[in-house]
Amino acid sequence: MSCYIELNNVSFSYPRSYPRGKVAINNVTLHLRQNEFTALTGPNGGGKTTLAKLAAGILKPSSGKVLICGKDSAKMTLGEIGKKIGYLFQNPQQQLFALTVAEDIAFSLELNGHDKGEIARKVKNMLELFQLTHLQDSSPFNLSHGEKGRLALAGIFINHLDYFILDEPTTGLDVERKNILSDIVKRFSGHGIGMLVISHDEGFVAQHAKRTIEMVEGEIVYDSSKDLRP
Amino acid sequence: MTAAKTLDPRTKLIMVLCLSSLAVFIQDIYVLGGVLLASFVISVILKGDLFPAFKQVKRLLLLIVIIAVIQSLFAPAGKTIITIGTFPLLTTGGLIRGAEFILRMAVIVVSATIVATSSSRETVQGLVQWKIPYEIAFMVSVGIRFLPMLTEEIRNVMLAIQLRGVELDKIPFRKKLKIYSYILTPIVVGTVIRAQKLATAMETRAFRAYPRRTSYMTLKMALPDYAIISFSILVSASVVVVYYM
Ligand SMILES: Nc1ncnc2c1ncn2[C@@H]1O[C@H](COP(=O)(O)OP(=O)(O)OP(=O)(O)O)[C@@H](O)[C@H]1O
Ligand SMILES: [Mg+2]
């Protein structure tokens, strides 16, 4: 499939926006293709997180349509979406639930009834990949910010999905950890897995992005795939 | 109209106290309706934020049915509407009880919007000037402040769990319990952590450094306040008296 997520004339305003009725996303049309690592940049409050949540079906558009794999996001349950798209929240704290690090990584596989041995093996892989093995029995809530970020990433990458949306995955990561993330991301996009990554990290974006989109005040002001300048 | 700005928070507290005592003491559905109407009108005049209150009450509507059935089963009264065999499943008496319950809840929810038209700082100050210890007044205001955040947090956690690819309605029953623990863990831990942070922040700002606090803000009641307070107490008292006579 060449076009994974499609936003058609999508507008969105938060129910409790200030001033009332202010649009956070203004009539955006955007096609995210799976074979194209896309970076989303722009100033604070530009609407990046909002756009990402719309693309992931977490928020439903006020007007316009979002199609995920050709299916209207408004008609999909979150669980259904979670089986297609992995989403990293800007604040990793928001997606940690379990009492230990290892349990948190295993959680979705366990609830979906995967085989115990398979879970143990995959969790071990993830712990090693994100250098969390020494922390596997500690509480997710006592980790440092960077460690929480890595744990949240491990928790979503353990599911083999076709598309990942990462909201500022590099914040709080040290140089070494950022390089590890870079390697993982590179490997994933090499396998044809789609990525939409929000980042202020120019180095990271320049290193990976095939396509760059910039958002200011709820509108796309730049899209490299449409850039016709020489 | 600047009624919301000028009315003393203590006046609002007394009004709300009157309204909710009435809601608790009165059993008559028509009087309860009147109490709800009164709270509603006051909230509108004070520009209370009624929209979220509506949604909360709407969520309780299912309870009408449950309470009505339970009341009908165990304390049948009035005409029987539905029966199973010889057992009355639904009686008019039960239905009225259910409706009364919702009216009571609605009064309390609407009352909350009346209090909320004053900032929590003002309400705390009002309580303090009533000689309620500042620590307790402050705790009350913190509690009120954090409660809506809690419901939002539960919603966020549910959302995040599903986004990890868990379809809640397809989980076998045995594992559903596990989900509750996954919902509660971050909420409880988060609440404790937030309380600790709040405590630290308060320490760094020298909360309770001195036994007595002076306050830049002082509230003074004006004539309308006294008028409204007397009126509220008088009316509620007479309603109760008439009702129980
Ligand atoms: N829950 C909310 N309720 C009301 N308004 C919101 C909410 N979340 C965001 N907004 C507003 O929507 C606009 C876009 O916010 P968004 O979070 O999408 O920005 P962003 O580009 O992700 O910024 P940042 O770089 O700081 O993460 C902002 O003006 C913000 O104030
Ligand atoms: Mg953001």
Side-chain angles (χ1 to χ4, degrees), chain A residues 15-16 20 52-53 56-60 68 76-100 103-114 139-143 148 151-165 167, chain B residues 47-56 58-59 113 116 119 145-198 200:
Chain A
R16 270 172 294 165
R20 214 162 251 239
K53 285 185 174 171
I58 301 171
L59 297 172
K60 315 291 183 195
I68 296 172
M76 295 171 84
T77 65
L78 284 170
E80 223 177 308
I81 291 167
K83 291 212 158 96
K84 295 186 189 304
I85 297 177
Y87 190 93
L88 178 80
F89 283 90
Q90 188 162 9
N91 175 7
Q93 175 87 53
Q94 219 177 318
Q95 57 199 103
L96 306 179
F97 323 100
L99 288 171
T100 71
E103 195 188 339
D104 202 279
I105 298 177
F107 136 93
S108 61
L109 295 183
E110 208 148 282
L111 284 179
N112 282 326
H114 285 242
S139 160
F141 305 96
N142 292 336
L143 302 181
K148 278 182 191 161
L151 174 55
L153 282 167
I156 62 167
F157 280 145
I158 198 168
N159 291 322
H160 295 284
L161 304 172
D162 299 329
Y163 207 98
F164 287 92
I165 297 178
D167 197 344
Chain B
K47 297 202 171 74
D49 197 3
L50 277 167
F51 185 63
F54 273 131
K55 282 204 287 195
Q56 276 173 357
K58 217 172 73 187
R59 245 181 290 162
T113 66
S119 74
R145 169 84 180 61
F146 278 112
L147 212 58
M149 280 175 68
L150 216 59
T151 53
E152 185 159 332
E153 217 158 291
I154 292 176
R155 209 170 313 139
N156 281 340
V157 173
M158 301 260 290
L159 188 146
I161 287 179
Q162 294 177 73
L163 271 182
R164 293 263 288 259
V166 176
E167 292 186 63
L168 290 182
D169 44 354
K170 289 195 186 152
I171 299 295
F173 184 75
R174 196 168 37 82
K175 288 188 173 167
K176 281 227 163 87
L177 285 178
K178 196 87 193 147
I179 299 222
Y180 287 114
S181 104
Y182 287 135
I183 294 174
L184 282 179
T185 310
I187 304 285
V188 172
V189 175
T191 309
V192 172
I193 289 178
R194 200 156 44 213
Q196 283 169 347
K197 277 187 185 156
L198 184 65
T200 316

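Note that the structure is predicted; figures quoted are calculated from it, not measured. In the text below, chain A, chain B and the rest are named by the order of the sequence lines, each starting its count at 1. Excluded from the calculations below are hydrogen atoms, water molecules and symmetry mates; all remaining heavy atoms, backbone and side chain alike, are included.
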Can you tell me how far apart [atom1] ([X]) and [atom2] ([Y]) are? Round to the nearest 0.5 Å.
X        : Y        : atom1 : atom2 : result
B:Leu159 : A:Ile58  : CG    : CD1   : 5.5 Å
B:Leu163 : A:Ile165 : CG    : CD1   : 9.5 Å
B:Ile161 : A:Phe107 : CD1   : CZ    : 5.0 Å

Identify each donor-acceptor pair in which a side-chain atom of residues 81-91 of chain A lies under 3.5 Å from a protein atom, sequence neighbours left out, and give them as a table.
| from | atom 1 | to | atom 2 | distance (Å) |
| --- | --- | --- | --- | --- |
| A:Lys83 | NZ | B:Glu167 | OE2 | 3.1 |
| A:Gln90 | OE1 | A:Thr49 | OG1 | 3.0 |
| A:Gln90 | NE2 | A:Glu168 | OE2 | 3.3 |
| A:Asn91 | OD1 | A:Gln93 | N | 3.1 |

Winner by heavy-atom pair count (cut-off under 4.5 Å) against chain B, out of A:Ser139, A:Gly57, A:Ser108: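 Between A:Ser139, A:Gly57, A:Ser108, the count favours A:Ser108.
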Contact summary for B:Pro186 and A:Phe141, nearest pair of heavy atoms: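 Heavy-atom minimum between the residues: CA-CZ, 3.7 Å.
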Residues in residues 187-197 of chain B that sit under 4.5 Å from chain A, counting heavy atoms only: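 Within residues 187-197 of chain B, near chain A: B:Val189, B:Ile193.
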Residues in salt bridge (charged side-chain N to carboxylate O under 4.0 Å, His left out) contact with A:Glu103, at least two apart in sequence or another chain: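 A:Glu103 satisfies salt bridge (charged side-chain N to carboxylate O under 4.0 Å, His left out) with B:Lys178 only.
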Greater than 12 external heavy atoms within 6.0 Å of B:Met158's CE: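 Counting neighbours around CE of B:Met158, 12 or fewer heavy atoms of other residues, nucleotides or ligands fall under 6.0 Å, so no.
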Heavy atoms from other residues, nucleotides or ligands near NZ of B:Lys176 exceed 12 (cutoff 6.0 Å):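 Count over threshold, so yes.
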Which portion of B:Ile183 sits near chain A, non-hydrogen atoms under 4.5 angstrom: neither
Pairs flagged by side-chain hydrogen bond (donor to acceptor under 3.5 Å, both in side chains) wherever residues 155-164 of chain B is involved - sequence neighbours left out: A:Asp104-B:Arg164
Which atoms of A:Leu96 approach chain B - backbone, side chain, both or neither, heavy atom under 4.5 Å: backbone
Side-chain donor/acceptor of A:Asn112 to backbone N/O of B:Gly165, under 3.5 Å: yes
